[in-house]
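Within every chain, numbering begins at 1; the chains are lettered A, B, ... in the order of the sequence lines, protein sequences first and strands thereafter.
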There are 2 protein chains.
Amino acid sequence: MVKDNKKMQMRRPTSIDIAALAGVSQATVSRALSRPASVSEGVRQRVFDAAAKLNYTVDINARKLRSKKINTIAVLVSEDIDQGDNPINPFFLPLIGQIMNYAGEKGVDVLMSLQKQSSDWGADYGFSRRADGIIFLGYRDFETYLQKIEALRTVGEPWVVFGPVMPETPNVFIGSDNEGGAYTAVAHLLKLGRKRIVFLGEASERHSEFFERYKGFMRAHTEAGVRPDDSLAIDCFISREEGAAAIERLLDDSITFDAVFAVTDLLAIGAIQSLQKRGLNVPKDVSVMGFDDLWACTCINPALSTVRQDTKTAAQVLVDTLAALIDGEPVEMTRIPTQLVIRESCGG
Amino acid sequence: MVKDNKKMQMRRPTSIDIAALAGVSQATVSRALSRPASVSEGVRQRVFDAAAKLNYTVDINARKLRSKKINTIAVLVSEDIDQGDNPINPFFLPLIGQIMNYAGEKGVDVLMSLQKQSSDWGADYGFSRRADGIIFLGYRDFETYLQKIEALRTVGEPWVVFGPVMPETPNVFIGSDNEGGAYTAVAHLLKLGRKRIVFLGEASERHSEFFERYKGFMRAHTEAGVRPDDSLAIDCFISREEGAAAIERLLDDSITFDAVFAVTDLLAIGAIQSLQKRGLNVPKDVSVMGFDDLWACTCINPALSTVRQDTKTAAQVLVDTLAALIDGEPVEMTRIPTQLVIRESCGG
DNA sequence: CTGAAAGCGCTTACAG
DNA sequence: CTGAAAGCGCTTACAG
């Protein structure tokens with residue numbers, strides 16, 4: 001079936017048309033529509049009626065240009081090449097949903113863009129006055145982007161980042177309580193009697209989130225008086241495949257362990273799957289603990305215990321902090337509390 | 001730590017500033033930046049240098065107002081109350097990612113908004129010239145929204161919908177080959193020797209996607225010469241919980257069945273979980289087949305067989321079709337091919 | 001409370 | 001190829 005919609009185009013009505021129909025000046029139409037309280041009741045009614053009759057709505061571009069208020073935030077999500085078909089890390093998807101939700105409630109528009117790792121970078125989302133400010137998502141190895149972002153700073157463009165928290169960098173990083181979350185999770189494993197816990201993830205300064213989780217891992221050991229074995233600290237990328245492969249390597253090398261703490265659920269899911277493939281029982285032989293609380297945690301069998309990142313709160317803090325920066329208000333760096341979620345995969 | 005960014009505000013440079021610095025007219029700056037080929041090499045260079053020096057970028061709002069080209073699409077996602085914490089159905093998340101990806105490649109901006117079921121509806125996303133057109137996602141019971149959308153038609157606003165396909169409605173609905181996908185899947189189950197296949201989902205006209213899948217389910221039976229038992233056609237909402245509950249009811253009522261075809265992976269996952277809870281083996285006792293190919297299909301154990309909806313192609317078709325409508329070009333209604341993905345859950 | 005007027009920062013015929 | 005000029009559709013002091 002072929003359709004043609006050419007003839008449906010017609011001139012959009014402007015505030016001048018409404019003014020004529022309502023019998024007032026164009027300026028009054030504008031007032032009635034942008035600040036209804038500023039005009040008299042009768043005028044307001046006539047203007048509203050006329051607007052409804054002509055299907056009029058204000059041209060948002062003219063308003064933004066003239067008023068200099070954009071009322072829009074840009075969410076820049078970094079492409080996750082590890083995820084293959086789906087260009088976004090599954091953890092960020094619900095966070096995006098929550099941001100859309102909260103921004104919608106506050107009445108601010110959300111411009112969303114996927115930033116290719118290769119590309120020239122959409123730092124001009126703010127520059128070109130598309131948005132008042134930017135939320136960065138998924139820039140896990142954030143240091144790579146630091147110089148690009150420096151450009152934003154010189155222009156005074158407000159932005160916030162979710163994930164890595166770098167207090168020494170003069171801007172706003174919002175993240176979960178990674179150290180505390182990891183600490184609680186690993187302490188739980190130790191309390192269960194686990195002694196040889198694999199740390200699965202990238203514990204380098206480049207990924208400060210994961211490094212913090214590593215610190216929590218270490219602190220739990222110290223407090224429990226258990227000395228972690230260096231050969232159980234596995235450096236690997238954040239994908240299910242890498243998690244699975246890392247565990248298989250440990251098994252191949254006959255390195256014994258009775259628990260896995262993965263810095264990400266993705267990794268933990270991979271770990272469970274290769275453990276099971278090798279005939280090991282989770283949690284009987286090996287307890288597994290993840291981080292994030294992906295939706296899939298309750299799909300896998302046994303259900304994955306994890307440290308929940310509160311995406312709803314994170315969304316609110318991100319949007320509110322950005323709004324404060326935009327308005328030039330003082331802002332505090334915040335840590336979003338995490339929550340230990342015990343399911344079947346860690347036993348006990 | 002408290003920060004104050006008030007003093008960072010300064011006047012944005014305009015094309016006039018660039019003109020002065022480059023020694024050309026403002027009009028020439030505009031040309032150099034919007035159609036570089038239209039100015040001489042030397043001028044272009046001077047303008048670019050000046051722009052770079054002053055960190056200049058064109059004010060997108062002024063450009064949109066003046067040129068009347070918005071170059072933006074709005075993606076309106078309907079809130080999914082069934083999903084609890086996460087306001088968006090998991091199936092749409094990857095589709096959103098793909099739309100962001102493809103739109104980004106085409107250089108069009110994406111405005112994203114979550115539409116509350118209760119709210120007044122953001123039909124004015126196009127009206128107010130925020131966007132050239134709208135992509136609707138997640139309006140499964142689309143008929144509810146039909147009259148609201150009627151308003152778009154009167155204004156000649158282009159839009160497309162993913163999901164339900166309603167040929168009788170004069171606009172553009174883009175969906176997967178639901179009938180064919182379901183047919184192939186159910187034919188596969190029948191070929192495996194399954195005779196009593198549960199249809200899990202809402203096979204009403206209100207949800208045309210699911211009704212189409214029901215037709216495919218029926219056709220497979222007819223062609224195999226198997227008469228479907230009406231008591232195996234279960235009407236239920238699209239959530240994991242509902243799927244689990246429906247299966248438990250069947251079990252409680254001692255209705256026998258050897259396979260489940262669910263109109264959605266969400267439902268299939270719920271089905272597997274309650275089957276296992278009741279001590280049944282999937283796929284030995286009961287084969288299970290879903291629809292969508294959620295990421296979680298390979299997390300559940302046994303991995304879920306399903307009919308894959310091709311979100312990447314869907315994203316492209318949605319964006320391209322909308323672009324054609326915007327340009328007033330003829331457009332065809334398309335069906336996105338599906339693909340049967342056999343995993344462990346259906347045996348054989 | 002309302003109107004007349006200026007102007008936000010661009011693009012695009014129109015001349016040359 | 002370039003410049004002077006008009007104008008996109010609003011908002012907002014400024015008067016009254």
Practice problem: Report the C-alpha distance between B:Asp132 and B:Lys69 in whole Å, list the side-chain angles of each, state the deciding distance to 0.1 Å, and finish with yes or no for salt bridge (charged side-chain N to carboxylate O under 4.0 Å, His left out). | Solution: CA-CA 8 Å; B:Asp132 302 298; B:Lys69 289 171 196 139; over 6 Å; no
Self-check item: Stepwise salt bridge (charged side-chain N to carboxylate O under 4.0 Å, His left out) test for B:Asp17 and B:Arg11
Solution: CA-CA 11 Å; B:Asp17 301 315; B:Arg11 193 178 69 81; 3.2 Å; yes
Exercise. Output, in order, the C-alpha distance, side-chain angles, deciding distance and verdict of side-chain hydrogen bond (donor to acceptor under 3.5 Å, both in side chains) for A:Gln115 and A:Ser113.
Key: CA-CA 6 Å; A:Gln115 302 292 301; A:Ser113 172; 2.8 Å; yes
Quiz item: Yes or no on side-chain hydrogen bond (donor to acceptor under 3.5 Å, both in side chains) for B:Ser15 and B:Gln26, after CA distance, side-chain angles and deciding distance?
Solution: CA-CA 6 Å; B:Ser15 55; B:Gln26 180 272 331; 3.1 Å; yes
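Spacing between atom CD1 of A:Ile16 and atom P of C:dA5 amounts to 13 Å, rounded to whole angstrom units. One atom, CZ of A:Arg35, and another, P of D:dT12, lie 6 Å apart when rounded to the nearest Å. Whole-Å rounding puts the A:Ile70 CD1 to D:dC10 P distance at 16 Å. The distance between atom NZ of A:Lys64 and atom P of C:dC10, rounded to the nearest whole Å, is 16 Å.
Side-chain atoms of A:Arg31 do not come within 3.5 Å of backbone N or O of A:Arg44 as any donor-acceptor pair.
At most 12 heavy atoms of other shown residues, nucleotides or ligands fall within 6.0 angstrom of atom CD1 in A:Ile16.
DNA chain C contains the following stems of three or more consecutive Watson-Crick or G-U pairs, with both distances under 3.5 Å: C:1-3 with D:14-16, C:5-12 with D:5-12, C:14-16 with D:1-3.
Residues A:Trp159 and A:Phe136 are in side-chain contact: their nearest non-hydrogen atoms beyond the backbone lie under 4.5 Å apart. For the pair B:Thr311/B:Phe91, a side-chain contact is recorded, criterion being any heavy-atom separation below 4.5 Å from C-beta on. Using a 4.5 Å heavy-atom cutoff, the side chains of A:Arg63 and A:Ser34 are in contact. Considering only heavy atoms from C-beta on, B:Met112 comes within 4.5 Å of B:Ile96 through its side chain.
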Pair up each side-chain donor or acceptor in residues 316-325 of chain A with any protein partner under 3.5 Å, not counting sequence neighbours, and list the distances.
from, atom 1, to, atom 2, distance (Å)
A:Asp320, OD1, A:Tyr102, OH, 2.9
A:Asp320, OD1, A:Lys106, NZ, 2.8
A:Asp320, OD2, A:Tyr102, OH, 2.9
A:Thr321, OG1, A:Val317, O, 2.6

Using nucleotides 7-9 of chain D, report all nitrogen or oxygen pairs with the protein that are shorter than 3.5 Å.
from, atom 1, to, atom 2, distance (Å)
D:dG7, N2, B:Arg66, NE, 3.4
D:dG7, N2, B:Arg66, NH1, 3.0
D:dG7, N3, B:Arg66, NH1, 2.9
D:dG9, OP1, B:Lys68, NZ, 2.9

Contact list (N/O, under 3.5 angstrom) for nucleotides 13-16 of chain C vs protein:
from, atom 1, to, atom 2, distance (Å)
C:dA13, N6, B:Arg31, NH2, 2.9

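The side chain to side chain contact (heavy atoms under 4.5 Å, CB included) test applied to A:Leu33 returns A:Val29, A:Val47, A:Phe48, A:Tyr56, A:Val58, not counting sequence neighbours.
No engagement by A:Val29 is indicated, since no non-hydrogen atom pair under 4.0 Å with the nucleic acid exists.
Only A:Val39, A:Ser40, A:Val43, listed by number, bring a heavy atom of residues 37-44 of chain A to less than 4.0 angstrom from any atom of DNA chain C.
Of the residues B:Leu111, B:Ile99, B:Leu95, the one that meets the side chain to side chain contact (heavy atoms under 4.5 Å, CB included) test with B:Val75 is B:Ile99.
Between A:Thr28 and C:dG3 there is a side-chain N or O to OP1 or OP2 distance below 4.0 Å.
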